[in-house]
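First up is the structure itself, then whatever we jot down about it.
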Amino acid sequence: MTDRGFQPRALGEIAIRCADMGAMMAFYEDVIGLERLSGDHNSAITFFRIAEGFGGHTQVLALFDHAAAPRPGLRPTGADKPTTGAGSSLHHIALSLPFAEQEAVMRWYDKISQPYRVEQFGWIGWRGIFTEDPEGNTVELVAYDPSMLDQA
């Protein structure tokens, strides 16, 4: 590995361009349970806290209204609505939580009739609970537990 003099330590922000800001805000606040830091359904940008993060930088999810004027050098540009769901270049986002809370996730999704699927990744000891936001982006709530590791 090359000695660059730096090493990223954590995810700082995930930003999603949204066709329907109100529906996306409601999903991430009411279904996923993220804390809103700023903005509302009328804002060009709304920020949600994911976790405290690294070095004092709060990890955030940012929702950008599709018509928000981007800063120079940021893409995509223009007022066209973004391609969402399967046509998007975003594969999925994964948010970590304790393994012990995954049962609560499934109970919550069942209670509010939120479709989901569960997948185990034995090679790394993860279990993911996958659902979709209102624009078809896959959202995973993932946890590590040694009981999920493949037995050699």
Side-chain angles (χ1 to χ4, degrees), residues 1-39 45-66 68 70-71 73-76 81-152:
M1 186 153 102
T2 304
D3 182 13
R4 292 178 201 85
F6 69 90
Q7 177 65 47
R9 306 287 193 298
L11 179 68
E13 176 178 294
I14 300 167
I16 302 174
R17 286 184 75 222
C18 303
D20 184 340
M21 191 70 144
M24 292 288 279
M25 279 188 52
F27 176 82
Y28 286 100
E29 190 167 32
D30 301 335
V31 175
I32 300 298
L34 296 181
E35 173 193 354
R36 186 170 5 132
L37 295 173
S38 70
I45 306 170
T46 298
F47 291 95
F48 293 92
R49 177 188 317 276
I50 295 172
E52 283 311 307
F54 176 80
H57 185 285
T58 301
Q59 293 178 358
V60 299
L61 168 68
L63 301 180
F64 283 69
D65 184 88
H66 73 279
R71 283 181 240 139
L74 294 181
R75 302 287 183 263
K81 287 191 175 187
T83 301
T84 59
S88 170
S89 63
L90 175 66
H91 187 273
H92 76 282
I93 64 171
L95 304 172
S96 298
L97 73 166
F99 185 78
E101 292 180 14
Q102 284 193 321
E103 292 298 323
V105 170
M106 291 182 272
R107 283 192 307 273
W108 173 245
Y109 285 174
D110 288 338
K111 180 178 179 177
I112 64 171
S113 299
Q114 178 71 33
Y116 67 92
R117 66 182 167 77
V118 178
E119 243 182 277
Q120 184 173 322
F121 303 93
W123 66 274
I124 199 165
W126 293 352
R127 181 171 70 182
I129 303 170
F130 295 84
T131 193
E132 289 186 0
D133 70 20
E135 297 192 359
N137 299 305
T138 300
V139 179
E140 176 187 12
L141 296 181
V142 65
Y144 169 79
D145 189 86
S147 71
M148 294 290 117
L149 287 167
D150 289 337
Q151 301 304 313

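Owing to the predicted nature of the structure, the values given are computational and were not obtained by experimental measurement.
- In this structure a side-chain-to-backbone donor-acceptor pair under 3.5 Å is missing from Q120 to D150.
- For E13, there are no salt bridge (Lys or Arg N to Asp or Glu O under 4.0 Å) partners at least two apart in sequence or on another chain.
- Put simply, OG1 on T46 and CG on L34 are 12.5 Å apart, with the number rounded to the nearest 0.5 Å.
- Taking CG of L63 as the reference point, atom CE of M25 lies at 7.5 Å (rounded to 0.5 Å).
- Heavy-atom minimum distance, I129 versus Q102: CD1-O, 3.5 Å.
- Taking 4.5 Å as the limit, every side-chain heavy atom of M24 sits out of range of all side-chain heavy atoms of F27.
- Relative ring orientation between F121 and F130 is described as perpendicular, the plane-to-plane angle rising above 60° on a 0-90° scale split at 30° and 60°.
- Taking CD of E135 as the reference point, atom CZ of R17 lies at 10.5 Å (rounded to 0.5 Å).
- Contacts classified as salt bridge (Lys or Arg N to Asp or Glu O under 4.0 Å) and involving residues 116-132 (residues at least two apart or in different chains) are given here: E103-R127, R117-E119.
- In terms of modelled atom types and a separation under 3.5 Å, the side chain of Q114 and the main chain of W108 share no donor-acceptor contact.
- Side-chain contact between I50 and L95 is present, with at least one heavy-atom pair separated by less than 4.5 Å.
- Between atom OH of residue Y28 and atom CD1 of residue I14 there is a gap of 8.0 Å, rounded to the nearest 0.5 Å.
- Contact between P98 and A143 at its shortest, heavy atoms only, is C-CB, 3.9 Å.
- Smallest separation of non-hydrogen atoms from A23 and P134: O-CG, 3.4 Å.
- In this structure the side chain of F48 reaches within 4.5 angstrom of the side chain of E29, judged on heavy atoms.
- Checked by atom type and distance alone, the side chain of T131 pairs as donor or acceptor with a backbone atom of P115 at under 3.5 Å.
- Contact annotation: the side chain of I124 never approaches that of Y144 to less than 4.5 Å [non-hydrogen atoms, C-beta and beyond].
- In this structure, CZ on R49 lies 5.0 Å from OG1 on T58, to the nearest 0.5 angstrom.
- Atom-to-atom distance recorded for L11:CG and Q59:CD is 5.5 Å, nearest 0.5 angstrom.
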